[in-house]
Colleague: 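Submitted below is the structure of interest, expressed as structure tokens.
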Amino acid sequence: MVWPSVGRFGDFERVSESHALAAKEVGAVLLPVGEAWRAAWRLDPQLALYSPDGFHPSEVGTFLAALVFFEKFYERPPAGLSSRLKGSTRVKMSPRVAELLQAAAAETNERFTE
């Protein structure tokens, strides 16, 4: 599940519904990243999840997407995961933001369990 561009911000609900219906129709695993973005914004509306182009994710938005994937594929909550991946530089975020993103991913995956 993706997210709409900043210019189509009001389309979150339709994007979410469309992806959920498509996944159900074909028996696919739903990775509710767009909904995780909304969950994160409910916790902190100031999070910069979009990159400057208003469509692609920022590093923080990408990290949140990775947390959603991690929990779905490894069937374990993302709480306590590092914001540093092997062979990469640390994503620039405070521990509070990392914890908030972990909570948003876990809450979203729980709501969208098959």
Side-chain angles (χ1 to χ4, degrees):
M1 177 186 301
V2 296
W3 49 88
S5 67
V6 169
R8 299 194 60 173
F9 196 82
D11 290 337
F12 258 98
E13 193 65 38
R14 287 188 296 257
V15 169
S16 178
E17 181 181 358
S18 174
H19 282 82
L21 289 172
K24 184 176 182 182
E25 181 69 26
V26 299
V29 172
L30 179 67
L31 299 164
V33 176
E35 284 299 318
W37 280 35
R38 291 188 347 167
W41 280 322
R42 283 191 294 276
L43 297 170
D44 182 349
Q46 301 305 310
L47 285 173
L49 301 178
Y50 286 105
S51 69
D53 71 4
F55 180 72
H56 293 95
S58 65
E59 285 183 336
V60 173
T62 300
F63 183 75
L64 177 52
L67 293 171
V68 171
F69 277 60
F70 175 87
E71 183 170 359
K72 282 289 188 179
F73 292 139
Y74 290 100
E75 297 179 341
R76 100 170 223 239
L81 289 177
S82 173
S83 62
R84 183 183 177 116
L85 304 174
K86 287 184 179 178
S88 73
T89 59
R90 181 175 293 275
V91 175
K92 294 173 180 69
M93 73 180 85
S94 70
R96 181 194 73 80
V97 169
E99 288 175 11
L100 181 146
L101 297 176
Q102 292 165 357
E107 180 265 325
T108 302
N109 276 325
E110 186 175 308
R111 283 190 306 124
F112 284 85
T113 301
E114 288 120 9

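What's counted below: heavy atoms across the whole structure, side chains too, no hydrogens, waters or symmetry copies.
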Colleague: Just wondering, are more than 12 heavy atoms of other shown residues or ligands nearer than 6.0 Å to CZ in Arg8?
Modeller: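 No, the 6.0 Å shell around CZ holds no more than 12 heavy atoms from other groups.
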Colleague: How are the rings of Phe9 and Trp41 set to each other: parallel, tilted or perpendicular (split at 30° and 60°)?
Modeller: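 Geometry flag for Trp41 against Phe9: tilted rings.
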Colleague: Would Glu35 and Arg38 pass as an ion pair if we require N to O under 4.0 Å?
Modeller: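 Looking at Arg38 together with Glu35, the answer is yes, because their closest N to O distance falls below 4.0 Å.
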Colleague: Could you check if a side-chain atom of Pro32 sits within less than 4.5 angstrom of a side-chain atom of Lys72, using non-hydrogen atoms only?
Modeller: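 Result yes, sub-4.5 Å side-chain heavy-atom pair found.
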Colleague: What are the two closest non-hydrogen atoms of Ala105 and Pro78, and how far apart are they?
Modeller: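 The answer is CB-CG, 4.1 Å.
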Colleague: Search all heavy atoms of Ala36 against all heavy atoms of Val68 and return the closest pair with its distance.
Modeller: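 Heavy atoms of Ala36 and Val68 come nearest at CB-CG2, 3.5 Å.
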Colleague: Which distance, rounded to the nearest 0.5 Å, do you find between the CG of Leu64 and the CG of Leu47?
Modeller: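 These two atoms lie 8.5 Å from each other.
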Colleague: State the OG-CZ distance between Ser16 and Phe112, to the nearest 0.5 angstrom.
Modeller: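 Those atoms lie 4.5 Å apart.
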Colleague: To the nearest 0.5 Å, what is the distance between CZ (Arg96) and CD (Glu99)?
Modeller: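 Answer for the CZ-CD pair, Arg96 versus Glu99, is 9.5 Å.
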Colleague: In terms of heavy-atom contacts, does CZ of Arg76 have more than 12 from other residues, nucleotides or ligands at under 6.0 Å?
Modeller: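 12 or below, so no.
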Colleague: Restricting to non-hydrogen atoms, name the atom on Ala40 and the atom on Leu100 that form the minimum distance, rounded to 0.1 Å.
Modeller: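 Nearest heavy atoms, Ala40 then Leu100: O-CD2, 3.9 Å.
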Colleague: Quick check: do Val60 and Leu49 have side-chain heavy atoms less than 4.5 Å from each other?
Modeller: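 With C-beta onward as the side chain, the pair touches.
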Colleague: Val33, Tyr74: one ILVMFWY side-chain cluster at the under-4.5 Å cut-off?
Modeller: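 As far as the 4.5 Å side-chain criterion goes, Tyr74 and Val33 are connected within one cluster.
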Colleague: Using the rule that Ile, Leu, Val, Met, Phe, Trp and Tyr join whenever any side-chain heavy atoms are under 4.5 Å apart, tell me whether Phe55 and Val15 fall into a single cluster.
Modeller: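 No: no chain of side-chain contacts under 4.5 Å links Phe55 to Val15.
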Colleague: Roughly how far apart are Leu101 CG and Leu67 CG, rounded to 0.5 Å?
Modeller: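 It is 6.5 Å, given to the nearest 0.5 Å.
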Colleague: Can you measure from CG (Asn109) to CG (Leu31) and round to the nearest 0.5 angstrom?
Modeller: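 The distance works out to 7.5 Å.
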Colleague: For the atom pair CG (Leu30) and NZ (Lys24), what is the distance rounded to the nearest 0.5 Å?
Modeller: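 Here the rounded value is 12.0 Å.
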Colleague: Find out if a path of hydrophobic residues (ILVMFWY) with successive side-chain heavy-atom gaps under 4.5 Å connects Val29 to Phe70.
Modeller: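 In one cluster with Val29: Phe70, yes.
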Colleague: So, do Thr108 and Trp37 sit near enough that their side-chain heavy atoms are less than 4.5 Å apart?
Modeller: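 A side-chain contact is absent here, since even the closest heavy-atom pair is not under 4.5 Å.
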